[in-house]
Amino acid sequence: MTVTAALVLGGGRATRLGGADKAAVEIAGVPLVERVYAAVRGLTVIAVGPPSLARPGVTVVREEPPFGGPVAALAAGVAALAPGIGEVLVLACDLPRAAGIVDQLTAAPLPDDADALVLRDAGGRLQWLAARYRMAPLRRALAALPAVDGAPMRAVLDGLRFVALDDDRDAALDLDTWADVEGYRDGYRD
């Protein structure tokens with residue numbers, strides 16, 4: 001099976017960024033979400049969040065309720081995908097090195113006995129929003145939840161068998177605070 005679709009999650013409140021539109025934060029004049037979209041070009045792309053995420057070729061849906069958290073966003077994105085999709089990339093909108101993430105996740109094999117391939121950053125943290133999932137088990141895990149609003153990602157992931165993929169490119173970096181953004185901008189080289 002191959003990856004044919006991507007879910008880009010961009011509907012959070014960005015409280016650590018003072019409520020700024022995280023997807024619109026620019027690095028070298030390019031909004032973060034554009035870097036993610038460029039990395040998944042050629043795939044069916046569903047963005048979950050506000051209408052500002054809309055671009056040609058990108059379908060935008062909203063989690064219910066808005067700001068319901070990553071599980072609510074994941075559920076909305078999964079519901080918007082065609083039933084025939086076998087595997088999907090799930091990416092946050094604030095990944096300035098998204099191309100490196102996508103390269104690693106699509107080049108690595110997803111073992112037959114695994115439901116997901118999850119990038120593990122240099123600090124040993126699993127990056128659930130930089131991952132590749134099989135759709136059938138993901139749909140089952142979401143359907144098993146009593147509610148998606150405010151549910152922790154762990155609630156979904158407890159029902160999945162995953163393989164951790166060490167991020168050998170330091171690509172899983174996300175930009176959650178203004179200090180993260182400024183630090184990345186200061187050291188940025190295209």
Side-chain angles (χ1 to χ4, degrees), residues 3-81 85 87-107 118-119 121-123 125-133 153 167-190:
V3 175
T4 57
L7 300 179
V8 177
L9 307 186
R13 293 187 193 274
T15 54
R16 291 181 284 176
L17 279 174
D21 180 357
K22 189 183 285 193
V25 171
E26 293 185 1
I27 303 295
V30 179
L32 286 170
V33 75
E34 294 294 342
R35 293 174 182 279
V36 178
Y37 289 159
V40 295
R41 189 167 285 121
L43 300 178
T44 297
V45 179
I46 307 291
V48 184
S52 60
L53 295 174
R55 305 291 189 282
V58 174
T59 300
V60 177
V61 298
R62 189 68 199 204
E63 71 273 22
E64 187 55 45
F67 307 113
V71 175
L74 187 60
V78 165
L81 286 170
I85 301 287
E87 294 180 12
V88 64
L89 295 174
V90 175
L91 303 167
C93 71
D94 64 341
L95 301 168
R97 299 176 179 157
I101 293 169
V102 171
D103 288 348
Q104 291 176 85
L105 291 172
T106 56
V118 181
L119 216 52
D121 68 21
R125 290 176 303 275
L126 295 171
Q127 299 296 321
W128 303 107
L129 302 184
R132 175 176 156 197
Y133 296 89
M153 279 298 289
D167 178 9
D168 63 6
R169 300 183 191 184
D170 195 27
L173 169 78
D174 60 350
L175 304 178
D176 290 326
T177 67
W178 284 115
D180 294 341
V181 170
E182 293 309 322
Y184 189 80
R185 285 176 175 159
D186 290 346
Y188 179 75
R189 287 173 192 68
D190 200 9

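Residue indices begin at 1 and follow the sequence shown.
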Write down the atom of A130, the atom of I101, and the distance for their closest heavy-atom approach. CB-CG2, 4.0 Å
In short, L32 meets C93 closest at the heavy-atom pair CB-O, 3.4 Å
Using a 4.5 Å cut-off on heavy atoms from C-beta on, say whether the side chain of T4 contacts that of E87. no
Can you measure from CD (Q104) to CG (D167) and round to the nearest 0.5 angstrom? 4.5 Å
Heavy-atom pair with the smallest gap, counting every atom of A172 and Q127: CB-CG, 3.8 Å
Give a yes or no on this: more than 12 heavy atoms of other residues, nucleotides or ligands lie within 6.0 Å of atom CZ of R41. no
First locate atom CG of L9, then atom CG of D94, and finally report the distance between them rounded to the nearest 0.5 Å. 10.0 Å
Side chain to side chain, L105 and V3, heavy atoms closer than 4.5 Å: no
Rounded to the nearest 0.5 Å, what separation is found between the CD1 atom of I46 and the CG atom of L53? 12.0 Å
Please confirm whether the backbone N or O of L173 pairs with a side-chain atom of R97, one donor and one acceptor, at under 3.5 Å? no
Any V45 side-chain heavy atom under 4.5 Å of V36 side chain: no
First locate atom CG of L74, then atom CH2 of W128, and finally report the distance between them rounded to the nearest 0.5 Å. 12.0 Å
